[in-house]
Amino acid sequence: MTKQQAISVTTPMTQDLPKEKFDELETFIDQMETTKGALIEILHKAQNLFGYLPRDVQLFVARKLGIPGAEVYGVVSFYSYFTTKPRGKYTISCCMGTACFVRGADKIIERLKEILGIESNEITEDGLFTLIDVRCIGACGLAPIVKVDEKVYGRVKEEELEDIINTYRLLEGKK
Amino acid sequence: MEGIRTHILVCGGTGCMASESEKVIKNLGLILKAREYKEEVKIVQTGCFGFCEQGPIVKIEPDDVFYVRVSPKDAKDIIDEHVIKGRIVERLLYKEPSNENTINKQEDIPFYKKQLRIALRNCGLINPEDIYEYIALGGYEALGKALTEMTKDAVLDEVKKSGLRGRGGGGFPTGLKWEITKKQESDVKFIICNADEGDPGAFMDRSILEGDPHAVLEAMAIGAYVIGADKGIIYIRAEYPLAIERLNIALKQARDVGLLGKNIFGTNFNFDIDIKFGAGAFVCGEETALINSCEGKRGEPNYKPPYPAEKGYWGHPTCVNNVETFANITAIINRGAQWFASIGTEKSKGTKVFALAGKINNVGLVEVPMGITLREIIYDIGGGIQGGRKFKALQTGGPSGGVLTEDNLDTKIDYDSLIEIGSMMGSGGMIVMDEKDNMVNIAKFYLEFTMDESCGRCTPCRIGTKRMYEILNKITSKKGTMADLDALKQLCYMIKDSSLCGLGQTAPNPVISTMKHFWHEYLAFIKDVDHPQGEGKYVPKNKIGIKS
């Protein structure tokens, strides 16, 4: 492994991201027995903390581990679980597994895009929703499936989608 | 357990939990408490029963009554009527779709009749979060037997004689893999459990880990003993939170009672297991890519040889086996290779778990002996096609497999016969399609998947799948020509022959097999358009139209 670089890794590079979270991430890394082969584990932790992996967080991890930022970015961009964009308050996951697909998931996601006015992996203007297409949640008996955070809506029909989304809008007093 | 007269088993698999099985458990508990029956009735949250279509499932033991689609408000009737008064709640019983007859017992339901559960033996039976329930059913006996009564060679011999082949899809003989790793001279070796189930629509590995995690841990320890490893890794998708949670509980319990750690069973065998998380990459199911990902790198495959058995995790000999493969090991050690080899076909022994999904009545997880026909799986176990429509095709092997048609329904399935008819066993996804599905769209769906998941390391796969997808898109938006079909065909064989790893080599399979069986659907897209430059004959619009 390369030698650690002599750059202060404790100062956040922008003020937008909370310092406490960087501190927590640093403690997490410091407490690891070895950081050899632990990059993915660290990124999981970082994404849990920040909700996403912006450039500054990636650079922080890179400098902390003494590896090039490109290596971190290479891993982040390789895996679909990692995201470099912030998420909305609610994440709407539309299952695009084969079982859901043959039961009409393609129409479901199109309708969701229409209602929300965004493409997948985008965030709505009011910051409430992020829409993502996911590969098989594994509840194929309930296909097609839409998940809002951890709440699962099984056997959904196109016409129910508006109501589902409105429930959350109401919760936020935005409708 | 003294004084417990009734056990209420409630399915705690992901599918059932998505339809509120946790609330069912909560309500059952509250009502039991209110009626003061807590001392004699026990609620157990089990792993997946497999019958996901009818979830949440509740089973009452020892009465052997099987309730389906139980909602939280049904809890009251189950306790008041069944548990207290001993009257079966008729409306919650399974009804046969054909004649509306109700069925009480699990084994009488057609869905379970033809199944033989080896890998899934404890799923839906024990509480996966309690090691003692696993031990009570003979758990860790196989490890004890292997460590104290059998030499490494004897264990290896047993696994080899059983004829067990890798359940992840490739079908490589497990015993042989162990033997190759065992032969390597090295102080440090690893055994890895591949739980990166990437095939969309397949969930057998997850169900095993959720329902019977100790079976995998025990088998990994046995494998480690044989090959001479003292460290194991379970590589699991981060998308499986419940399986991860149950694995962590199982690992802690096994360590607490000394079944993992130092001097297991008083021998000088030491073994422990780490969990590593995947982060969503289909290609990581390939073993060299998986090892790269375990090392915290991009999950790109390497050239083979050297095989992981020679040079794997951090350059040490490494044996990678699939979850379902491991789940068979303890049964083989306990009941003998001969018993295992008596099940199945000549070259494929034992059973296979399939995730049955799509346009079928009984979606769920089924474990059947090798050599069963597809017809039996689809019509007897699966209960036929939804809405009484006509069967059109079946995709096995996920994005790497091919479609099978009506003509193949009576083929006895095993690793070799499936390859012969142009598909593959794969990890066990089985997606049923009916007459309403357009096969070109299905092929396009799979191509979109492999294109997304191509790791980008080798050119044929990275660029080839993209080009294939573009052509398919052109065809389905009715702008394609006969020349496009030719180009598509050529691309298929080019990618198949020149890709580095299994992902690329199998990526064109859905296109090749749909072209073979449903050529007319491709043609229909082309001839449906007034397309003078196409080689296809000019046909007025909508004459040979096909519903898309």
Side-chain angles (χ1 to χ4, degrees), chain A residues 1 32-45 47-48 53 61 65 67 70-83 93 95-106 132-147 150-155, chain B residues 13-19 51-55 197-203 206-207 237-240 276-282 284 293-300 313-314 355-359 362-364 386 395 398-399 429 431-434 437 441-442 445-446 449 452-453 455-456:
Chain A
M1 188 178 283
M32 295 184 111
E33 247 173 69
T34 166
T35 53
K36 186 185 172 195
L39 180 56
I40 292 177
E41 200 181 334
I42 292 167
L43 291 173
H44 270 297
K45 176 76 184 174
Q47 184 159 306
N48 271 340
L53 296 169
V61 171
L65 297 182
I67 56 176
E71 201 174 317
V72 176
Y73 179 69
V75 169
V76 170
S77 58
F78 185 84
Y79 295 99
S80 62
Y81 195 81
F82 296 131
T83 167
S93 323
C95 181
M96 293 301 283
T98 323
C100 286
F101 178 79
V102 297
R103 287 195 185 178
D106 47 340
I132 51 172
D133 45 50
V134 293
R135 300 288 181 197
C136 201
I137 302 171
C140 307
L142 300 171
I145 291 167
V146 169
K147 242 172 66 167
E150 288 312 304
K151 166 88 182 146
V152 178
Y153 296 89
R155 302 192 180 100
Chain B
T14 296
C16 283
M17 280 178 63
S19 34
F51 206 177
C52 305
E53 184 72 38
Q54 298 286 337
E197 195 170 40
D199 174 1
F203 49 95
R206 196 204 55 206
S207 289
R237 297 176 72 191
E239 289 92 332
Y240 284 176
K276 292 256 181 194
F277 302 123
F282 178 63
C284 288
S293 184
C294 278
E295 294 174 0
K297 302 179 198 149
R298 288 164 68 93
E300 290 174 1
Y313 188 56
W314 297 119
L356 204 52
K359 303 277 182 65
N362 300 336
V363 168
Q386 264 186 346
Q395 173 95 6
I431 308 282
V432 178
M433 286 156 254
D434 69 12
D437 290 306
N441 279 329
I442 298 284
F445 167 81
Y446 279 117
F449 178 86
D452 272 357
E453 293 295 340
C455 76

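Numbers restart at 1 for each chain; the letters A, B, ... are given by sequence-line order, proteins then strands.
- Counting all heavy atoms, side chain and backbone alike, B/Cys455 lies closest to A/Phe78 at CB-CE1, 3.5 Å.
- Between the A/Thr98 side chain and the B/Pro200 main chain, a donor and an acceptor come within less than 3.5 Å of each other.
- Contact of B/Asn362 with chain A is not made at all, since no heavy-atom distance falls under 4.5 Å.
- By the neighbour-count criterion of 12 heavy atoms within 6.0 Å, atom OH of A/Tyr73 is sparsely surrounded, having that number or fewer from other residues, nucleotides or ligands.
- Between B/Phe277 and A/His44, the two ring planes are perpendicular [angle over 60°; tilted spans 30° to 60°].
- In terms of non-hydrogen atom pairs under 4.5 Å with chain B, the most contact-rich of A/Val75, A/Val102, A/Leu39 is A/Val102.
- Interface summary for chain A: among B/Pro399, B/Gly55, B/Gly15, B/Ser293, the most heavy-atom pairs under 4.5 angstrom belong to B/Ser293.
- Within the 4.5 Å cutoff, the side chain of B/Val363 has heavy atoms near those of the A/Arg103 side chain.
- Each of B/Glu239, B/Glu197, B/Arg206 has some count of heavy-atom pairs under 4.5 Å with chain A, and the biggest count is that of B/Arg206.
- Side-chain contact between A/Tyr79 and B/Cys284: present, with at least one pair of heavy atoms (C-beta onward) separated by less than 4.5 Å.
- No other option in B/Gly456, B/Cys52, B/Ala357, B/Ala279 has as many heavy-atom pairs under 4.5 Å with chain A as B/Ala279.
- Note: B/Asp199 CG to A/Cys136 SG = 8.0 Å, rounded to the nearest 0.5 Å.
- B/Gln54 does not touch chain A: none of its heavy atoms, backbone or side chain, sits under 4.5 Å away.
- In this structure, the side chain of B/Arg298 does not engage the main chain of A/Ser77 through any donor-acceptor pair within 3.5 Å.
- For B/Ala355, no part sits under 4.5 Å from any heavy atom of chain A, backbone or side chain.
- Considering only heavy-atom pairs separated by less than 4.5 Å from chain B, the leading option among A/Ala139, A/Ala143, A/Cys140, A/Gly154 is A/Cys140.
- Side chain of A/Tyr81 to backbone of B/Arg237: no donor-acceptor contact under 3.5 angstrom is found.
- Scanning all heavy atoms of the two residues, the minimum distance from B/Ile431 to A/Ala99 falls at CD1-N, 3.9 Å.
- Heavy-atom distances place no part of A/Lys147 under 4.5 Å from chain B, backbone and side chain included.
- The shortest side-chain heavy-atom distance between B/Phe282 and A/Arg135 does not fall under the 4.5 Å cut-off.
- With respect to chain B, the highest number of heavy-atom pairs below 4.5 Å among A/Leu43, A/Val152, A/Val134, A/Val76 belongs to A/Val152.
- When B/Glu300, B/Gln395, B/Glu53, B/Lys276 are compared by the number of non-hydrogen pairs under 4.5 Å with chain A, B/Glu53 comes out ahead.
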